[in-house]
Q: 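Take this structure first; my questions come after.
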Amino acid sequence: MAEWHRVAATDDVGEDDGKQIIIEGHPIGLYKVGGEFFAVDDICTHAFAIISEGYLEEHSIECPLHQGCFDIRTGKALNAPVTVDLKSYPVKVEGDAVLIEFESPAKPDA
């Protein structure tokens, strides 16, 4: 079941910037562009790299390892060498709190 998780205060992420947050051991990149917040998986789908450490321009984040770009609004892979999209997550702001909707992976029955 998906649940909303408070992950940051609105002031924790600068405009046109991103940061890594962890929900239940899962790394997610949180970005703020044009006053809006966006969240996508924070590990590149091409090779292990932390996406939030890349270069952000408008709604495109560039992987710091091989320069493949993703759209932070949708997670869509934009150019080679990345071909697999990142998972994106719903984000909402309540007061000064930023929340991400995250569904815990299913646990096998005991």
Side-chain angles (χ1 to χ4, degrees):
M1 172 189 232
E3 295 180 6
W4 289 95
H5 296 260
R6 184 188 190 284
V7 296
T10 53
D11 292 343
D12 290 345
V13 182
E15 185 65 31
D16 298 321
D17 201 6
K19 70 181 282 181
Q20 184 181 79
I21 53 101
I22 306 291
I23 299 177
E24 297 181 15
H26 191 88
I28 297 173
L30 178 64
Y31 303 91
K32 183 178 180 183
V33 176
E36 290 185 82
F37 290 88
F38 305 94
V40 295
D41 278 342
D42 203 27
I43 303 299
C44 184
T45 57
H46 170 252
F48 185 86
I50 299 171
I51 298 296
S52 61
E53 292 179 355
Y55 176 70
L56 178 64
E57 183 172 3
E58 295 183 8
H59 294 101
S60 176
I61 185 75
E62 181 180 283
C63 174
L65 190 57
H66 290 115
Q67 292 72 50
C69 294
F70 298 92
D71 187 320
I72 60 169
R73 297 169 293 188
T74 62
K76 180 156 181 57
L78 299 174
N79 64 292
V82 297
T83 57
V84 177
D85 299 343
L86 296 170
K87 179 173 174 50
S88 63
Y89 299 89
V91 180
K92 67 181 178 180
V93 175
E94 292 182 349
D96 70 345
V98 180
L99 296 96
I100 293 176
E101 187 177 38
F102 180 82
E103 186 166 356
S104 300
K107 295 179 182 167
D109 292 334

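For the single chain, residues carry numbers from 1 onward in sequence order.
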Q: Taking only residues two or more places apart in sequence or in another chain, which ones pass side chain to side chain donor-acceptor pair (under 3.5 Å) with Tyr89?
A: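 Tyr89: side chain to side chain donor-acceptor pair (under 3.5 Å) contacts with His26, Asp41.
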Q: Please answer whether the main-chain N or O of Thr10 pairs with a side-chain N or O of Asp96 as donor and acceptor at a distance below 3.5 Å.
A: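 No; zero donor-acceptor contacts below 3.5 Å.
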Q: Glu57 and Tyr55: which non-hydrogen atoms are nearest, and at how many Å?
A: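 Result for this residue pair: OE1-CE2, 3.6 Å.
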Q: Might you point out which heavy atoms bring Arg6 and Ala97 nearest each other, and give the distance in Å?
A: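 Shortest heavy-atom separation between Arg6 and Ala97 comes out as NE-CB, 3.5 Å.
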Q: With a 4.5 Å limit on heavy-atom distance, are the side chains of Ile43 and Phe48 in contact?
A: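 Result yes, sub-4.5 Å side-chain heavy-atom pair found.
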Q: Would you please test His66 and His46 for side-chain contact (heavy atoms from CB on, under 4.5 Å) and show each step?
A: CA-CA 9 Å; His66 290 115; His46 170 252; 3.2 Å; yes
Q: Once you round to the nearest 0.5 Å, how far does CZ of Phe38 lie from CZ of Arg73?
A: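 Rounded to the nearest 0.5 Å, the CZ-CZ separation comes out at 6.5 Å.
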Q: Going through the checks in order, is the side-chain contact (heavy atoms from CB on, under 4.5 Å) test met by Leu30 and Val98?
A: CA-CA 9 Å; Leu30 178 64; Val98 180; 4.1 Å; yes
Q: What about Tyr31 and Ile28, same hydrophobic cluster or not, with Ile/Leu/Val/Met/Phe/Trp/Tyr joined at side-chain heavy-atom distances under 4.5 Å?
A: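 In one cluster with Tyr31: Ile28, no.
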Q: How far apart are the closest heavy atoms of Leu78 and Ser60, and which atoms are they?
A: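 Nearest pair, atom of Leu78 first, then Ser60: CD1-OG, 3.8 Å.
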Q: Once side chain to side chain donor-acceptor pair (under 3.5 Å) is applied, do any residues pair with Ser52, and if so which ones, sequence neighbours excluded?
A: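 Counting only residues at least two positions away or on another chain, Ser52 forms a side chain to side chain donor-acceptor pair (under 3.5 Å) with Asp42.
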Q: Side chain of Gln20, backbone of Pro27: donor and acceptor closer than 3.5 Å?
A: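 Between the backbone of Pro27 and the side chain of Gln20 there is no qualifying donor-acceptor contact (under 3.5 Å).
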Q: Would you say Ile72 ends up clustered with Ile100 if hydrophobic residues are merged whenever their side chains have heavy atoms under 4.5 Å apart, either directly or through other cluster members?
A: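 Not linked; separate clusters.
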Q: Tell me whether Val40 shares a hydrophobic cluster with Phe37, the cluster being built from Ile, Leu, Val, Met, Phe, Trp, Tyr side chains joined at under 4.5 Å.
A: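 No; Phe37 is not reachable from Val40 via cluster members.
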Q: Return the set of residues passing side-chain contact (heavy atoms from CB on, under 4.5 Å) with Glu24 (not counting sequence neighbours), or none when no residue passes.
A: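 Glu24 satisfies side-chain contact (heavy atoms from CB on, under 4.5 Å) with His5, Phe102, Ser104 once adjacent residues are dropped.
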Q: Counting N and O atoms only, with roles assigned by atom type, does the side chain of Asp71 sit under 3.5 Å from a partner on the main chain of Lys76, one being a donor and the other an acceptor?
A: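 No, the answer is negative, given that no donor and acceptor are paired below the 3.5 Å cut-off.
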Q: With the 4.5 Å side-chain cut-off for hydrophobic clustering, are Ile51 and Leu56 part of the same group?
A: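 Cluster IDs for Ile51 and Leu56 match.
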Q: Is Ile23 linked to Val93 within one hydrophobic cluster, defined over Ile, Leu, Val, Met, Phe, Trp and Tyr using a side-chain heavy-atom separation of less than 4.5 Å?
A: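 Both belong to a single hydrophobic cluster.
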Q: Could you tell me whether a side-chain N or O of Thr45 sits under 3.5 Å from a main-chain N or O of Val84, the two making a donor and an acceptor?
A: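 Pair found, side chain donor or acceptor close to backbone of Val84.
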Q: Closest heavy-atom contact between Lys32 and Gly14?
A: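 Distance-wise, the nearest heavy atoms are CB-O, 3.7 Å.
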Q: Let me know which of Val82, Leu65, Ile61 forms a side chain to side chain contact (heavy atoms under 4.5 Å, CB included) with Cys44.
A: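 So the option named by the test is Val82.
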